[in-house]
Amino acid sequence: HGFQINKGGWEKGSPIGGYFSPWENPSLENLAPGENLSIRLAKETAAFIRENKDSSFFAVLSFYAVHSPIQTTREKWNKFRQKAADAVVRPTGFRMERVLPIREVQDNPIYGGLVETMDDAVGIVLEELKSQGLDKNTMVIFTSDNGGVSSGDNYSTSNLPLRGGKGYQWEGGLRVPLFIKVPGLQPGSSDIPATGADIYPTILDFLGLPLLPDQHLDGQSLKPIFSGTGQLDERALYWHYPHYGNQGGEPSSVIQHNKWKLIHYWEDGRSELYDLRSDIHEDHNILQEFTQTGTRLEGDLLKYLSQMKALYPEPDLLFDSKLSQNREEYLKTEFLQLLEDRRMEILSTDYLPDSTWWGSEPLLAD
């Protein structure tokens, strides 16, 4: 991708070997037993900043956190376990969503610790910029690739009031944080939708460089928003997810235009229409009330997918409806109860995790 230096990036999206050294990463050597991966990546970035403080530089820090496996330290687990206890632990933490159970409370102390360690790591980088006197002329962008995982992998967090989470077609999966800190500009906020594709032209624009529309075809500069009165060119946003996901997502495609969001499902051809301004949790499918709007959006969506030569799912000829019913019944009963039992176990004062993370403690003690 044109990067001159790579520390820790390779073909895996999850931290093979876990978040504590020794990890298994051919691009990042193990230095100290028990070292935390997020902190190490932040320190590598800070070192890069120091080495290049007298010139312009571009650094991308892609944490493996907060991806599975969900791991933290004993100290942080205890901190967030106590926080959950002080807030009064709810008797239930999950309910059945359309396909899988979903977490509805943010009281997972392991996940809380994993997130906070990433926050600590971000702080290391920002503090390095400040100590080098670079915070006044360095643009910092923070964002995520998907919403928190509320089903599937680890059932780790809740994204309420948004519905769903990572892998879902609802806002809990699609809507993510985006912070852009530009030196000299006062903090503010905007509800204008943006996407990751907008970051590239935004950086170019703030640097006073010409835009490169042949490279950032789907993005536009967000710089006009920072003026307080600026607007972006009106546009629709699209997502295409033509397969099942282990987190509960269904084969679907999405178009969002202004307040309207239409989801088209490929399994049976149905569509759902939501007004995100009045129904952020996407509870009320209003397609029957606004048929004209739904028809227009669906037409725009299908036209866009055709222009992009999108691939579409095909029927599974081996599908067994009886097996599907049995699985659904298991998820609603036995598995849902297993999740509740596991949640209470993690919140108990005598909880003991597996050896993949707290196993690093004896090494640190040595």
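This chain uses plain numbering: 1 for the first residue, then up along the sequence.
In this structure, D107 does not pair ionically with K83, as no charged nitrogen and carboxylate oxygen lie closer than 4.0 Å. Remark: E345 engages R342 in a salt bridge, criterion side-chain N to carboxylate O under 4.0 Å. Salt bridge status for K53 with E51: absent, with no side-chain N to carboxylate O gap under 4.0 Å. Contact check on K259 versus D275 returns a salt bridge, with a Lys/Arg side-chain nitrogen under 4.0 Å from an Asp/Glu carboxylate oxygen. With respect to the salt-bridge test (charged N to carboxylate O, under 4.0 angstrom), the residues E127 and K130 do not qualify. The residues R235 and D218 are annotated as not salt-bridged, no charged nitrogen and carboxylate oxygen being separated by less than 4.0 angstrom. Classification of K261 and E272 as a salt-bridged pair fails, no side-chain N sitting under 4.0 Å from a carboxylate O. Residues R40 and E35 are paired through a salt bridge, judged by an N-O separation under 4.0 Å between the basic side chain and the carboxylate. A salt bridge links R270 to E250: one of the charged nitrogens lies within less than 4.0 Å of a carboxylate oxygen.
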Inset, instruction - Check the pair S14, H67 against side chain to side chain donor-acceptor pair (under 3.5 Å), reporting the backbone distance first and the verdict last. - result: CA-CA 6 Å; S14 59; H67 197 282; 4.6 Å; no
Legend entry - Residue pair D86, Q82: steps toward the side chain to side chain donor-acceptor pair (under 3.5 Å) verdict: CA-CA 6 Å; D86 292 343; Q82 189 61 51; 2.8 Å; yes
Legend entry - Working for salt bridge (charged side-chain N to carboxylate O under 4.0 Å, His left out), residues E75 and K79: CA-CA 6 Å; E75 179 184 16; K79 171 185 176 178; over 6 Å; no
Legend entry - Candidate pair V60 and F3, rule side-chain contact (heavy atoms from CB on, under 4.5 Å), full reasoning: CA-CA 9 Å; V60 175; F3 289 99; 3.7 Å; yes
Inset, instruction - Start with the C-alpha distance between Q169 and Y241, add both sets of side-chain angles, then the distance that settles side chain to side chain donor-acceptor pair (under 3.5 Å), and finish with yes or no. - result: CA-CA 8 Å; Q169 61 275 8; Y241 194 84; over 6 Å; no
Inset, instruction - Please report the C-alpha distance between F290 and W260 in whole Å, then the side-chain angles of each, then the deciding distance to 0.1 Å, and finally whether the ring-ring contact (aromatic ring centres under 6.0 Å, His included) criterion is met. - result: CA-CA 10 Å; F290 297 90; W260 302 107; 5.1 Å; yes
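Inter-residue side-chain proximity for R74 and Y351 is flagged as unmet; no heavy-atom pair is nearer than 4.5 Å. Two residues are said to be in side-chain contact when any heavy atoms from C-beta on lie closer than 4.5 Å; T293 and R296 meet this criterion. Here the side chains of F335 and E329 are not in contact, with every heavy-atom distance at 4.5 Å or above. The shortest side-chain heavy-atom distance between D153 and K166 falls under the 4.5 Å cut-off. Counting heavy atoms from C-beta on, the side chains of T157 and N108 never come closer than 4.5 Å. In this structure, E234 and N258 have side chains that are in contact, with non-hydrogen atoms separated by less than 4.5 Å. With a 4.5 Å cut-off on side-chain heavy atoms, F142 and V122 count as touching. In this structure the side chain of Y111 never reaches within 4.5 angstrom of the side chain of I346, judged on heavy atoms.
Checked by atom type, the side-chain pair Q337/D341 shows a donor-acceptor distance below 3.5 Å. Judged purely by distance below 3.5 Å, without hydrogens or angles, the side chains of Q132 and E128 pair a donor atom with an acceptor atom.
One finds the CG atom of L178 at 12.0 Å from the OG atom of S189 (value rounded to the nearest 0.5 Å). Once rounded to the nearest 0.5 Å, the distance linking CG of L204 with CD of Q215 reads 8.0 Å. For the atom pair CZ (F57) and CZ (F48), the distance works out to 7.0 Å, reported to the nearest 0.5 Å. Distance check: R90 CZ to L347 CG gives 12.5 Å after rounding to the nearest 0.5 Å. How far OG of S27 is from CD1 of I5: 13.0 Å, rounded to the nearest 0.5 Å.
Both L211 and I203 are part of a single hydrophobic cluster, where members link through side-chain heavy atoms under 4.5 Å apart. In terms of hydrophobic clustering, with Ile, Leu, Val, Met, Phe, Trp and Tyr side chains grouped at heavy-atom distances under 4.5 Å, Y304 and L311 are assigned to different clusters. Cluster membership check: V99 shares its hydrophobic cluster with V254, using side-chain heavy-atom separations under 4.5 Å among Ile, Leu, Val, Met, Phe, Trp and Tyr. Under the 4.5 Å side-chain heavy-atom criterion for grouping Ile, Leu, Val, Met, Phe, Trp and Tyr, I192 is not connected to L237 through any hydrophobic cluster. Both F20 and L37 belong to a common hydrophobic cluster when Ile, Leu, Val, Met, Phe, Trp and Tyr are linked at side-chain heavy-atom distances under 4.5 angstrom.
Y200 and H216 have perpendicular rings, their planes meeting at more than 60° on a 0 to 90° scale where under 30° would count as parallel. Ring pair F226/F206 is perpendicular by interplanar angle, where above 60° counts as perpendicular and below 30° as parallel.
Across I263 and W170, no two heavy atoms sit closer than the pair CD1-CD1, 3.7 Å. Of all heavy-atom pairs between G164 and N159, the closest is O-ND2, 3.1 Å. Closest approach of Y19 and P69 over heavy atoms only: CE1-O, 3.0 Å. Summarising the geometry of Y64 relative to P15, their closest heavy-atom pair is CD2-N, 3.7 Å, with the distance given to 0.1 Å. Across D205 and S221, no two heavy atoms sit closer than the pair OD2-OG, 2.7 Å. Minimum heavy-atom separation, M96 to L331: CE-CB, 4.0 Å.
Taking the six-membered ring where the residue is Trp, the centroids of Y238 and H240 are separated by 6.0 Å or more.
Under the 3.5 Å distance criterion, the side-chain polar atoms of T143 are matched with a main-chain donor or acceptor of P177. Proximity of a side-chain donor or acceptor of N30 to a complementary backbone N or O of W23 within less than 3.5 Å is detected. S144 contributes a side-chain N or O that, together with a main-chain N or O of N146, makes up a donor-acceptor pair within less than 3.5 Å. With D198 contributing its side chain and L222 its backbone, the two residues share no donor-acceptor pair below 3.5 Å. Counting only distance, with no hydrogens or angles, the side chain of N246 and the backbone of G152 share no donor-acceptor pair below 3.5 Å. Distance alone, capped at 3.5 Å, places no donor-acceptor pair between the R103 side chain and the S158 backbone. A donor-acceptor pair is defined here as one N or O able to donate and one able to accept, closer than 3.5 Å; such a pair exists between the side chain of E282 and the backbone of E171. No donor-acceptor pair under 3.5 Å is formed between the side chain of Q247 and the backbone N or O of S150. In this structure a side-chain-to-backbone donor-acceptor pair under 3.5 Å is present from T45 to L41. S252 contributes no side-chain N or O that, together with a main-chain N or O of H264, makes up a donor-acceptor pair within less than 3.5 Å.
Remark: D119 pairs with no residue by the side chain to side chain donor-acceptor pair (under 3.5 Å) rule, at least two apart or across chains.
Atom NZ of K76 has more than 12 heavy atoms from other residues, nucleotides or ligands within 6.0 Å. For Q186, the CD atom is loosely surrounded, since the number of other residues' heavy atoms within 6.0 Å does not exceed 12.
S38 pairs with exactly one of T117, D120, L61 by the side-chain contact (heavy atoms from CB on, under 4.5 Å) rule, that one being T117. When the options W239, W266, Y312 are evaluated for a side-chain hydrogen bond (donor to acceptor under 3.5 Å, both in side chains) with S253, the one that passes is W266.
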